[in-house]
Amino acid sequence: MNKNVLPKKFTRREFLSTSMKVGTAAAFTTHLLPDPKAEAAGCYNVLLIVADDLRPLLGCYGHSEMHTPNIDALAARGTLFNRAYCQYPLCNPSRVSMMTGLRPETTGVDGNATGWHEIIPEVLTLPQHFKSQGYHTQSVGKIAHVYKWDDTLSWSVPVPIWSQDVGIDRTTTPSWQALDVEDDELLDGKIANASIEILSEIKNQTFFLAIGFHSPHLPYIAPKKYYDLYDTDTFQDISSINPHFSNDLRDYADIPTGNTRISEMKTLELMQGYAASTSYMDAQVGRVLQHLDTLGISQNTVIAFTSDHGFHLGEQDNWGKATLFDVALRSPLIVSVPGQQPNRTDALVELVDIFPSLCDLCQLSIPTQLEGLSFVPVIEQPTYPWKTAVFSEIGGKTYSKRSSIRTTRYRYSLWENSRRRELYDYDTDPTESVNIVNRPENRELVAQLSERLHAGWKEALPDITSYVPLPNALLWDIDNNGIVDIQDLILVSNNFAARTLEYPKADVNKDGRIDIIDLLLIAAHLGESCIVSAPPTRLSVTPEQVDTISEWLTEAYQIDSDSDAFRAGIANLETMLNSVLPAKTALLPNYPNPFNPETWIPYDLAQDANVDIKIYDLKGETIRELKIGFQNAGSYRSRELAAYWDGRNSAGKLVASGVYFYTLNTSKARAIRRMTIVK
């Protein structure tokens with residue numbers, strides 16, 4: 001970054017504005033999800049990336065002041081969930097809930113020191129389920145909070161302990177540090193390096209890889225270049241937020257102990273540190289995603305990005321988590337499925353839904369004991385009516401349990417061992433600054449929300465019996481009619497060299513242009529269908545289309561590639577070409593033409609015949625005769641079927657450059673063409 005260019009200045013209110021900034025926007029129209037069975041490797045891979053203490057303070061969530069280009073790019077190709085909520089705003093309980101698909105009241109995990117295997121030793125974990133279905137499962141970084149989660153039932157390879165435990169002495173460590181180091185000298189950079197190595201090792205397996213980055217959790221330690229992206233002046237208007245309550249922040253060496261408020265300057269530094277740590281983490285995400293692309297396995301990998309919960313940056317006089325406010329409970333959630341069109345949704349979803357959703361996307365069975373719901377219907381149809389509420393809690397064994405229900409408009413929270421209640425209306429108070437629970441006009445509303453809170457999450461589930469899945473659209477199905485056929489190829493061919501992409505899916509390799517390479521990649525999947533009643537293959541073509549296919553093949557033969565996809569595409573085109581009975585016997589232009597030193601001579605036979613091809617010079621003298629012999633009626637246009645000439649005369653010598661003629665002779669037909677040989 002050019003350090004002479006000052007970062008854009010934003011008010012602190014703009015910097016902290018969260019849920020309602022994007023939440024009221026209409027969801028984009030979605031296209032349909034491809035069928036994983038269409039992929040050559042079978043089931044999708046899964047790449048699950050989890051950040052720590054990350055609220056949706058990202059560019060893709062409407063915060064242009066944030067430098068998060070890699071996560072933004074992921075959102076641009078996937079589904080962004082604008083209203084995703086954790087079940088418990090604390091690392092360990094939230095991560096246990098996410099990885100088991102069970103809610104905190106079921107797991108019994110309500111603190112960071114609780115080893116969940118001690119409470120629920122027989123529980124089925126997300127990676128364990130994928131492993132039981134034949135996946136290679138592996139993890140690096142912080143996925144579980146209680147360190148040394150080396151569960152052989154869940155993971156195919158031991159989890160590296162160094163990547164899980166930060167091991168910082170808070171009493172001697174400042175809350176933030178801008179270090180003059182490279183990315184991979186710090187923990188998250190090392191985790192990215194390890195992830196890249198793992199991907200290279202498992203690229204040929206069907207895998208479930210979980211990566212847990214530690215940033216932007218305190219302390220805010222990042223390379224200085226990420227601090228240089230921001231300036232303390234970026235965060236103005238902070239006179240009212242010097243936090244009093246700060247949870248774990250008080251443990252760090254540069255933070256005053258006791259009830260002393262944190263100074264304005266220190267608050268500015270902390271905001272810059274949180275932003276810098278977020279950008280540092282984003283860069284590591286980008287490195288991993290780039291390597292996934294480099295390995296060529298992005299097109300067969302579901303990518304999910306999230307955090308364990310949100311985080312207060314001064315709101316409600318707090319710096320931390322462990323509250324029932326939206327800023328602590330709302331998490332970023334982005335899911336990218338190969339071939340989908342990008343969209344965003346305001347549907348209410350929960351982190352406990354991730355387990356069943358990944359199963360659903362990979363067409364694995366969904367364990368019946370899970371307490372989440374697959375949100376795949378929302379990915380397919382972002383505006384589909386979904387959950388009417390989401391549920392979170394905090395407390396339990398050590399202190400009074402507090403429960404909360406979040407609807408589209410309201411949040412209602414209850415302290416079970418006291419009369420304390422809170423109600424916030426996000427339409428009029430998006431920052432949750434005014435508790436309106438005791439207003440007389442809200443008495444009926446409070447009673448309704450209280451009843452719904454006690455009724456629990458099951459009563460808030462959508463009526464999925466009314467959900468009718470739209471037909472899945474294959475990545476290669478350009479016109480989205482449910483089958484990959486000749487019409488898709490024609491659409492691609494008609495858009496060769498087009499300046500504007502009428503059919504964006506036609507740019508299969510995403511290089512910004514549509515050409516023969518895209519056509520071959522689609523041709524490799526001819527006959528695939530997401531319609532159950534469709535026949536396994538539909539490669540038939542009309543006689544009028546034969547010349548078009550022949551032109552595609554002629555251009556395809558010029559590509560110098562040993563790619564399996566290219567070979568499969570050419571083979572399918574040849575199969576189509578040879579499926580049509582020609583209307584008449586004819587010779588076709590040789591290819592390549594001009595050539596050096598060999599050529600193929602294609603021809604059509606309207607009926608069975610003995611075939612003889614003679615090559616003449618301008619004097620009419622025969623220089624070579626190719627006795628093909630008996631051939632059934634059909635097209636002999638492909639390289640494998642056409643008559644091959646090595647460019648030599650009958651004496652075995654290469655002929656000179658010039659004009660030649662070649663004739664096809666059968667018992668009932670004769671055809672002649674001219675060719676030019678250029679050496």
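Please read these numbers as outputs of a predicted model, since none were measured by experiment.
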Student: For Ser154, does its backbone N or O pair with a side-chain atom of Thr137 as donor and acceptor, under 3.5 Å?
Tutor: yes
Student: Quick one: closest heavy-atom pair of Ile143 and Gly212, and the distance?
Tutor: CD1-N, 3.6 Å
Student: CD/Glu432 to CG/Leu423 distance, rounded to the nearest 0.5 angstrom?
Tutor: 10.5 Å
Student: To the nearest 0.5 angstrom, please state how far the CD atom of Gln177 sits from the CG atom of Leu186.
Tutor: 9.5 Å
Student: For the side chain of Thr267 and the backbone of Ser263, is there at least one donor-acceptor N/O pair under 3.5 Å apart?
Tutor: yes
Student: Would Leu58 and Met66 satisfy side-chain contact (heavy atoms from CB on, under 4.5 Å), going step by step from the backbone distance to the final call?
Tutor: CA-CA 6 Å; Leu58 303 164; Met66 291 299 296; 5.7 Å; no
Student: Does Arg95 pair with Asp52 as a salt bridge, N-O distance under 4.0 Å?
Tutor: yes
Student: Under 6.0 Å between ring centres, would you say that holds for Tyr424 and Tyr412?
Tutor: no
Student: Return the CG to OG1 distance between Asn343 and Thr79, rounded to the nearest 0.5 Å.
Tutor: 3.5 Å
Student: Can you tell which of Val123, Leu370, Leu124 makes a side chain to side chain contact (heavy atoms under 4.5 Å, CB included) with Thr100?
Tutor: Val123
Student: Between the side chain of Asn82 and the main-chain N/O of Asp346, is any donor-acceptor distance below 3.5 Å?
Tutor: no
Student: For the residue pair Gln87 and Ser94, confirm or rule out a side-chain donor-acceptor distance under 3.5 Å.
Tutor: no
Student: When you measure from the side chain of Asp353 to the backbone of Glu350, do you find a donor-acceptor pair of N or O atoms at a distance under 3.5 Å?
Tutor: yes
Student: Should the ring pair Tyr227 and Trp176 be called parallel, tilted or perpendicular, given that the plane angle runs from 0 to 90° and is split at 30 and 60?
Tutor: tilted
Student: Please tell me if the side chains of Arg261 and Asp317 come closer than 4.5 Å, counting only heavy atoms from C-beta onward.
Tutor: yes
Student: Salt bridge (Lys or Arg N to Asp or Glu O under 4.0 Å) between Glu459 and Lys387: does it pass, once the steps are laid out?
Tutor: CA-CA 9 Å; Glu459 296 302 317; Lys387 292 181 179 181; over 6 Å; no
Student: Mind running side chain to side chain donor-acceptor pair (under 3.5 Å) on Gln284 and Arg287 for me, showing each step along the way?
Tutor: CA-CA 5 Å; Gln284 309 321 304; Arg287 293 175 58 207; 2.9 Å; yes
Student: Take Ser404 and Arg411 through the test side chain to side chain donor-acceptor pair (under 3.5 Å) and record every step on the way to the result.
Tutor: CA-CA 7 Å; Ser404 186; Arg411 177 174 294 286; 2.7 Å; yes
Student: Any sub-3.5 Å donor-acceptor pair from Ser195's side-chain atoms to Ile191's backbone N or O?
Tutor: yes
Student: Could you please spell out the steps behind the salt bridge (Lys or Arg N to Asp or Glu O under 4.0 Å) verdict for Lys190 and Asp184?
Tutor: CA-CA 5 Å; Lys190 294 176 181 178; Asp184 55 9; over 6 Å; no
Student: Compare all side-chain heavy atoms of Ile334 with those of Thr306 and state whether any distance is below 4.5 angstrom.
Tutor: no
Student: Kindly say whether Glu371 contributes a backbone atom to a donor-acceptor pair with the side chain of Arg103 at under 3.5 angstrom?
Tutor: yes
Student: Between Asp308 and Lys321, is the closest basic N to carboxylate O distance under 4.0 Å?
Tutor: no
Student: Is the closest side-chain heavy-atom distance between Gln138 and Pro127 below 4.5 Å?
Tutor: no
Student: Does a sphere of radius 6.0 Å around CD in Glu451 hold more than 12 heavy atoms from other residues, nucleotides or ligands, not counting ones at 6.0 Å or beyond?
Tutor: no
Student: What distance separates Thr407 OG1 from Tyr426 OH, expressed to the nearest 0.5 Å?
Tutor: 8.5 Å
Student: Counting distance only, does the side-chain N/O of Ser374 pair as donor-acceptor with the main-chain N or O of Asp360 below 3.5 Å?
Tutor: no
Student: Is it true that a side-chain atom of Ser307 and a backbone atom of Pro332 form a donor plus acceptor pair closer than 3.5 Å?
Tutor: no
Student: Out of the candidates Glu393, Arg406, Arg402, only one should pair with Leu324 under the side chain to side chain contact (heavy atoms under 4.5 Å, CB included) rule; please name it.
Tutor: Arg402
Student: What I'd like to find out is whether the side chain of Leu329 reaches to under 4.5 Å of the side chain of Tyr88, using heavy atoms alone.
Tutor: no
Student: In terms of relative ring orientation, are Trp155 and Phe208 parallel, tilted or perpendicular, with 30° and 60° separating the classes?
Tutor: tilted
Student: For the atom pair CG (Asp72) and OH (Tyr61), what is the distance rounded to the nearest 0.5 Å?
Tutor: 10.5 Å
Student: In terms of relative ring orientation, are Tyr274 and Tyr220 parallel, tilted or perpendicular, with 30° and 60° separating the classes?
Tutor: perpendicular
Student: With a 4.5 Å heavy-atom cut-off, do Asn112 and Pro93 have their side chains touching?
Tutor: yes
Student: On a heavy-atom basis, which atom in Ala304 and which in Leu358 lie closest, and how many Å separate them?
Tutor: CB-CD2, 4.4 Å
Student: For Tyr226, is there any backbone N or O sitting under 3.5 Å from a side-chain donor or acceptor partner on Tyr280?
Tutor: no
Student: Heavy-atom distance under 4.5 Å between the side chains of Leu348 and Arg83, does that happen here?
Tutor: yes
Student: For the pair Glu441 and Arg443, find out whether any cationic side-chain nitrogen is under 4.0 Å from an anionic carboxylate oxygen.
Tutor: no
Student: Hey, what's the ring geometry for His312 with Phe325, parallel, tilted or perpendicular (30° and 60° as the breaks)?
Tutor: perpendicular
Student: Check whether Asn92 reaches the backbone of Ala144 with its side chain - one donor and one acceptor, N or O, closer than 3.5 Å.
Tutor: no
Student: Side-chain contact, heavy-atom cut-off 4.5 Å: Pro462 with Leu373?
Tutor: yes
Student: Compare all side-chain heavy atoms of Arg170 with those of Leu218 and state whether any distance is below 4.5 angstrom.
Tutor: no
Student: Could you check Lys224 against Asp180 for salt bridge (Lys or Arg N to Asp or Glu O under 4.0 Å), going step by step and ending with a plain yes or no?
Tutor: CA-CA 5 Å; Lys224 184 177 180 296; Asp180 188 14; over 6 Å; no
Student: What about His67 and Tyr230, are their ring centers closer than 6.0 Å?
Tutor: yes
Student: Please lay out, stage by stage, how Lys401 and Glu105 fare under the test salt bridge (Lys or Arg N to Asp or Glu O under 4.0 Å).
Tutor: CA-CA 10 Å; Lys401 181 179 178 180; Glu105 59 264 35; 5.2 Å; no
Student: To the nearest 0.5 Å, tell me how far Leu414 CG sits from Ile405 CD1.
Tutor: 11.5 Å
